[in-house]
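Worksheet: the structure to be examined is printed underneath.
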Amino acid sequence: MIRSPTAARPFLIISYLCIHIQKALLNPMEYDFRVIEEKWRKHWAENGTFQAKENTGKDKYYVLDMFPYPSGAGLHVGHPLGYIASDIYARYKRLQGFEVLHPMGYDSFGLPAEQYAIQTGQHPEKTTQSNIKRYREQLDLIGFSFDWEREVRTSDPTYYKWTQWIFTELFNSWYDESTQKARPISELIHIFEKDGNSGVFACCDECNPFTASDWTAYSESEKDDLLQKYRLAYLADSWVNWCPELGTVLANDEVVNGVSERGGHPVEQKLMRQWSMRIKAYANRLLEGLNTVDWSDSIKEMQRNWIGKSVGCSVHFQIENSEEQIEVFTTRPDTIFGATFLVLAPEHPLVEQLTTQEQKADVDAYVKASSMKSERDRQSNVKNISGVFTGSYVIHPFTQKRVPLWLGDYVLASYGTGAVMAVPCGDQRDWDFAKHFGLEIPNVFDGIDISEAAYAEKSGRIANSDFLNGLEVKDAIRTAIERIEADGIGRGKTNFRLRDAVFSRQRYWGEPFPVYYQDGRPKMIDLQHLPLVLPEVANYLPTSDGRPPLGNAEKWAWDSQKNEVVSNDLIDHEHVFPLELNTMPGWAGSSWYFLRYMDAQNDDVFADRNNIEFWKQVDLYIGGSEHATGHLLYARFWTKFLYDRGYIPFDEPFKKMINQGMILGKSAILYVDSGNNVYSYDVVQKLDDVSNLREVRVLIDLLGDQDDVDQDALRNWLPDFKDANFVCNEQGQLICKREVDKMSKRWFNVVTPDELCQKYGADTLRMYEMFLGPLEQSKPWDTKGINGVANFLRKLWRLFHFNDHNAPQITDENPDKEALKTLHKTIQKLSDDLNRFSFNTGVSNFMICVNELSEQKCHHRQILEPLVILISPYAPHIAEELWQRLGHEAGSVSKAALPKFNPDYLVDDAFSYPISFNGKVRFKLEFPRTMSPKEIEEQVLSNDQTAKWLDGKDPKKMIVVPGKIVNVVV
RNA sequence: GCCUGGGUGGCGGAAUUGGUAGACGCGCUGGAUUCAAAAUCCAGUUCUGGCAACAGAGUGCGGGUUCGAUUCCCGCCCCAGGUACCA
């Protein structure tokens with residue numbers, strides 16, 4: 001056991017190595033993982049063992065891991081968990097005869113490298129490169145079967161060339177609702193030229209009707225402005241989540257509880273001209289597509305909630321003494337007779353116009369107060385009801401009554417129309433609002449009490465509602481919509497919570513937009529001139545006048561004649577134009593990387609059509625569930641878009657997905673008082689007053705087997721402990737309390753795969769990570785148990801009884817029945833475990849198998865060879881070594897055929913029946929499997945032991961389940 | 001609040017269609033081997049009572065269905081993740 005401070009480690013590792021070498025010299029038959037693992041890693045790399053090839057005649061299988069962001073902290077044991085599982089699966093698929101694509105790469109654009117650059121002046125490219133190098137070294141140690149020829153890096157210009165291209169394709173597309181498909185913008189222009197926009201049913205921003213002749217009469221810039229409303233990537237003024245601290249905008253899923261996901265800085269609402277993605281166009285298909293993929297229910301549900309489809313209708317309310325109308329969206333048109341007031345969001349465009357002179361002061365104050373509140377404040381004060389009367393009224397379309405018009409910040413400008421018809425009897429928020437301001441609460445439900453709370457259930461009968469009286473809610477909704485449509489005051493409508501995604505970031509370390517501005521209008525740079533490479537800047541911060549970091553670049557202008565980037569000095573707005581200063585968000589590159597792996601080095605297309613046709617969808621995708629509403633939604637969106645435009649033949653990227661759980665760390669805690677004393681945990685537990693103590697986390701590497709700290713090491717670790725007084729227990733130990741935290745440097749509880757590979761070997765690490773528990777569950781890491789797996793691999797090795805010449809002592813004779821049964825039971829269970837992605841029971845089954853074969857003293861080649869193949873996906877290094885020593889070609893176990901299961905070996909002639917009385921098992925009796933239930937019944941009844949449990953009584957009933965159980969009811 | 005998971009020994013966990021609860025591993029206890037230690041091997045290890053044979057209880061809690069329930073149904077409690085004025 002290494003129980004030393006990091007400082008003392010080199011010495012211990014050296015001494016450990018000495019002992020190890022000594023042992024290996026003494027006993028050449030021992031399992032020496034260090035030598036073996038290095039040998040096979042080298043062999044696989046040199047022979048390109050795991051390179052995937054297209055069109056080999058085999059069936060394909062695509063196993064993908066979510067690629068990592070290469071952070072400076074390196075990998076801890078939690079990171080490779082999913083990679084190990086996917087690697088095992090990929091290796092099994094190869095043994096089953098599939099051509100397997102199993103690639104890896106890096107999501108290498110991102111904030112941390114940029115923050116580091118701001119602090120140190122170090123170019124993000126440089127830190128990214130060195131982080132990737134470190135990641136690669138760590139990954140290589142674990143023995144993954146990745147095809148590194150296909151590595152991608154999102155920050156590499158040869159990669160982001162295609163990210164830029166996809167952006168231009170999105171810019172040059174619109175969404176045709178009538179065919180539910182993205183189409184080239186050129187086709188839309190053609191339609192406009194012929195028929196104007198009246199026949200166009202598109203997903204677009206609000207747009208007044210125009211005719212073909214209107215269109216032709218528009219100026220270029222008017223046309224451009226109109227087309228922006230239709231493009232899938234568009235430039236628009238929109239309310240964005242602005243994070244002043246980070247100096248950038250954030251997507252909705254990058255904001256958590258009103259603060260930025262990265263860094264936890266406050267976020268506010270701001271109106272900015274930004275690139276956006278019209279993901280809303282795909283809302284329905286993103287929802288429907290979920291039914292076709294094999295993902296966990298929780299992730300699907302999260303996406304469904306995020307998309308948030310609600311079916312209802314729009315209703316127009318005429319404003320009293322005005323030509324204007326207010327449009328509201330409601331899912332409950334059946335309750336329209338209960339609508340006693342209307343509420344607008346404070347940001348609603350008609351607010352100023354509708355406010356009467358008397359109310360102006362109040363309304364202005366309210367609007368101002370609301371705009372000061374961040375979204376977070378609005379959300380956290382749900383119970384805090386606020387609002388103000390505008391002084392205006394609208395006319396109820398059915399009763400013709402005057403309905404007061406209020407403002408309230410519980411109505412969101414960004415959802416629906418930013419206005420609601422308030423039905424206090426049917427909606428709790430409206431009810432609360434009405435109570436608070438003393439507004440009417442008429443009841444439109446038959447026999448429901450609404451004196452204490454609103455009734456929001458979608459059931460029951462409607463009352464006090466004219467033509468809806470007596471109808472069931474469902475029928476009432478339908479009838480109301482029919483009437484609303486017939487009267488021309490509204491129409492059936494479906495709304496989505498999903499909002500268009502802001503696609504601009506005011507950052508340096510991201511993909512530059514392939515865009516320059518001619519008279520303020522965006523122009524795309526053609527594919528043939530891409531990539532538009534990120535320029536050098538002297539400073540990674542925003543410019544002094546508040547422009548994004550790219551504003552610092554001196555050479556960041558586009559010469560539209562030479563088609564190249566030139567110095568800003570040359571900008572003349574004739575041929576040389578300024579380039580876009582924003583960059584793309586982190587999710588741009590990760591939205592399509594799975595396609596690039598299919599043909600990672602192609603310079604002519606993002607991936608060759610033949611390769612795409614061969615590999616198709618990702619068959620198995622493994623990664624964390626934290627990307628449920630971000631990456632996984634955006635990747636689906638881009639996939640559907642590329643499908644629509646005919647670039648790929650499928651519209652869902654990931655057929656099956658498994659989400660691995662998080663591996664948590666176990667922190668070590670000591671107690672410190674205001675003096676200079678450090679207390680052992682067991683001492684603290686006996687103290688009466690602990691109010692003056694505080695918990696301090698210490699480096700877990702300093703702990704021994706009993707959670708006791710190496711005291712000298714602790715003094716050397718941090719100056720705080722240098723001269724501290726240690727209050728130890730009776731054994732003189734300083735014991736730590738262990739607590740489960742996130743694994744992080746911050747809590748000093750990180751365990752790295754490197755140290756475990758060094759000490760126990762990669763095969764042991766791989767199997768232990770799988771053995772910890774079900775893949776999808778989160779679980780704390782405890783290195784203690786790893787011995788069990790290490791012992792198992794040694795036991796496996798001993799099964800082969802190597803002599804001094806490294807030759808196994810095995811026989812070619814036919815194995816006995818018992819050994820065959822063990823083997824085939826294992827084959828069967830393993831294939832079952834694999835189908836269920838139950839890797840933990842997979843490891844157990846290997847342990848059971850090796851235990852049984854050891855007991856049987858099995859020496860048979862016919863048993864041991866299939867076992868080696870079977871275990872090779874889990875423990876590939878030892879398997880290759882054993883395979884070679886068994887006389888096979890080096891490295892070939894990775895390409896062997898999985899042994900076939902033969903049920904004949906499992907058939908038993910007899911079965912040991914548990915005999916239970918009233919459901920409790922009391923003893924066992926063995927009967928032939930062929931014995932009939934009738935005979936078994938007789939045999940059991942005539943047995944001596946039965947008499948004891950009957951205790952003189954007669955059995956009421958007997959249940960005999962052949963091959964399972966016997967139950968006697970007394 | 002709502003949605004999705006989950007709750008089984010000292011610990012990680014197993015039990016796949018309702019059929020022997022606790023596989024496998026860790027830890028612990030005892031023994032063998034050893035000058036000693038490591039490693040290895042053997043035996044035991046859900047709890048309670050008992051020297052033992054054995055008996056009773058037992059899968060978050062309370063009910064129900066069934067010959068039989070960790071598994072199915074109803075009601076509740078707790079934990080984790082997601083989400084939240086979405087009209």
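Chain letters run A, B, ... following the sequence lines, proteins first, then strands; residues in each count from 1.
Remark: P of rU4(B) and CD of Glu776(A) are 16 Å apart, rounded to the nearest angstrom. At whole-Å resolution of the value, CG in Asn495(A) and P in rC85(B) are 16 Å apart.
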Shorter than 3.5 Å, N or O on both sides, protein versus nucleotides 10-13 of chain B: list them out with atom names.
{"unit_1": "rG12(B)", "atom_1": "O2'", "unit_2": "Leu772(A)", "atom_2": "O", "d": "2.4"}
{"unit_1": "rG13(B)", "atom_1": "OP1", "unit_2": "Gln777(A)", "atom_2": "NE2", "d": "2.8"}
{"unit_1": "rG13(B)", "atom_1": "O3'", "unit_2": "Asn840(A)", "atom_2": "ND2", "d": "3.4"}

Give me the distances for all protein-to-nucleotides 55-57 of chain B N/O pairs that come in under 3.5 Å?
{"unit_1": "rG56(B)", "atom_1": "OP2", "unit_2": "Arg922(A)", "atom_2": "NH1", "d": "3.3"}

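An OP1 or OP2 oxygen of rG82(B) is reached within less than 4.0 angstrom by no side-chain nitrogen or oxygen of Asn305(A).
For Ser838(A), the side chain to side chain donor-acceptor pair (under 3.5 Å) partners are Asn840(A), Thr841(A), not counting sequence neighbours. Partners of Phe329(A) by ring-ring contact (aromatic ring centres under 6.0 Å, His included), not counting sequence neighbours: none found. Listed by chain and residue number, nothing satisfies the ring-ring contact (aromatic ring centres under 6.0 Å, His included) test with Phe771(A) (two or more places apart in sequence, or in another chain). In this view, Arg738(A) and Lys666(A), Ala668(A), Ile700(A), Leu703(A), Asp707(A) satisfy the side-chain contact (heavy atoms from CB on, under 4.5 Å) rule, not counting sequence neighbours. Remark: Phe911(A) engages Tyr913(A), Pro914(A), Arg929(A) in a side-chain contact (heavy atoms from CB on, under 4.5 Å) (not counting sequence neighbours). In this structure Phe317(A) satisfies the ring-ring contact (aromatic ring centres under 6.0 Å, His included) test with no other residue, sequence neighbours excluded. Here Asn305(A) pairs with nothing under the side chain to side chain donor-acceptor pair (under 3.5 Å) rule; sequence neighbours left out. In this structure, the ring-ring contact (aromatic ring centres under 6.0 Å, His included) partners of Phe433(A), at least two apart in sequence or on a different chain, are Phe341(A), Trp406(A), Tyr410(A), Phe437(A). Under the side-chain contact (heavy atoms from CB on, under 4.5 Å) criterion, Ala480(A) pairs with Pro333(A), Leu468(A), sequence neighbours left out.
Using cut-offs of 30° and 60° for the angle between ring planes, the Phe846(A) and Tyr874(A) rings count as perpendicular.
Where RNA chain B pairs in unbroken runs of 3 or more (Watson-Crick or G-U, both distances under 3.5 Å), the stems are B:1-7 with B:77-83, B:10-12 with B:24-26, B:27-32 with B:40-45, B:46-49 with B:54-57, B:60-64 with B:72-76.
Scanning atom types as modelled, one donor and one acceptor separated by under 3.5 angstrom connect the side chain of Lys924(A) and the base of rU20(B). Side chain Asp832(A) to base rU16(B): a donor-acceptor pair is found below 3.5 Å.
Taking only side-chain atoms of Pro914(A), from C-beta outward, the nucleotide of rU20(B), rC86(B), rC41(B) with the closest atom is rU20(B). Listed nucleotides: rC67(B), rC41(B), rC26(B). Nearest to the side chain of Asn967(A): rC67(B).
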